[in-house]
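Please read the structure below before turning to the comments.
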Amino acid sequence: EGSCGYLSQQWEVLTGRDVSDDHGHGWMRAVHPDDCDSFRNYWLSVRLEGRNFATECRLCHVDGKEINAYIQAVRLPDDANLDDTIRWVGTITDLTQVTAANRELALVEARQRQVLRALPSLVSVLRPTDDEDFVAPVWLSSSNNAFGYKLEDELPSNHWWPEHVHPDDLEQVMAKF
């Protein structure tokens, strides 16, 4: 039913809430109000279908800060249950720093794309592939018709450079790749 029989001391560290107050269904008070209904509905569907539980949601620390959490629970085998009560064991992973880092990275990448798209030039980031002879370009260039080519009309391939670099410069350019 979602009633909690045990919480470790890490619960207090993570949420600032007293473990003894959150036994039973009290732990649900830590789930962010905006996530509570979807969290509860997902939990009910998992229980009815007999699946493992895994979801991300926000928890609320008693000081008001939000904690991004990954919550998992697995049903214990029937023979591990001492009575007819179905028991689960679960973990909570604090994703707050990971979420913040991902947000910051997305902002940096968006700013980089904005700057690169404003340049009247062709810019690419090269990433290695499994093929030793090829480096896959990730195109970040301007949508401003760089060098007379519209990249929306022509998706670059591993043959793009040899086809678009002046023959006198081709050997030197390809040697750099």
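Below, each value reflects all heavy atoms present in this structure, side chains not excepted, and no hydrogens, waters or symmetry copies. Owing to the predicted nature of the structure, the values given are computational and were not obtained by experimental measurement.
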So with a 6.0 Å cut-off around CD of Q114, is the heavy-atom count from everything else above 12? no
Once you round to the nearest 0.5 Å, how far does [atom1] of [X] lie from [atom2] of [Y]?
X   : Y   : atom1 : atom2 : answer
D22 : C4  : CG    : SG    : 8.5 Å
K65 : T15 : NZ    : OG1   : 10.0 Å
R87 : Y6  : CZ    : OH    : 15.0 Å
H32 : S38 : NE2   : OG    : 11.0 Å
H61 : E66 : NE2   : CD    : 13.0 Å
C60 : R17 : SG    : CZ    : 9.0 Å

Run the side-chain contact (heavy atoms from CB on, under 4.5 Å) test on V74 and V89 for me, step by step, so that the C-alpha distance in whole Å, both residues' side-chain angles and the decisive distance to 0.1 Å come before the verdict. CA-CA 6 Å; V74 294; V89 63; 3.7 Å; yes
Hey, any chance V19 and I67 share a hydrophobic cluster, counting ILVMFWY side chains that come within less than 4.5 Å of each other, even indirectly? yes
For S45 and R51, run side-chain contact (heavy atoms from CB on, under 4.5 Å): C-alpha distance rounded to whole Å, both residues' side-chain angles, the deciding distance at 0.1 Å, then the answer. CA-CA 9 Å; S45 73; R51 295 181 287 127; 3.5 Å; yes
M28 and F39: side-chain contact (heavy atoms from CB on, under 4.5 Å), yes or no, with the steps? CA-CA 10 Å; M28 281 292 292; F39 183 92; 3.8 Å; yes
T96 side chain vs N68 backbone, donor-acceptor pair below 3.5 Å: yes
Can you tell me which residue among T91, L95, V98, T55 is in a side chain to side chain contact (heavy atoms under 4.5 Å, CB included) with Y70? L95
Which atoms form the tightest heavy-atom contact between [X] and [Y], and what is the distance?
X   : Y   : result
W11 : I92 : CZ3-CD1, 3.4 Å
D34 : R58 : CB-NH2, 3.3 Å
F53 : Y42 : CE1-CD2, 3.1 Å

Determine, step by step, whether I71 and V31 satisfy the side-chain contact (heavy atoms from CB on, under 4.5 Å) criterion, reporting the C-alpha distance in whole Å, the side-chain angles of both residues, the deciding distance to 0.1 Å, and the verdict. CA-CA 11 Å; I71 301 177; V31 176; 5.5 Å; no
Can a salt bridge be assigned to the pair R111 and E104 using a cut-off of 4.0 Å between side-chain N and carboxylate O? yes
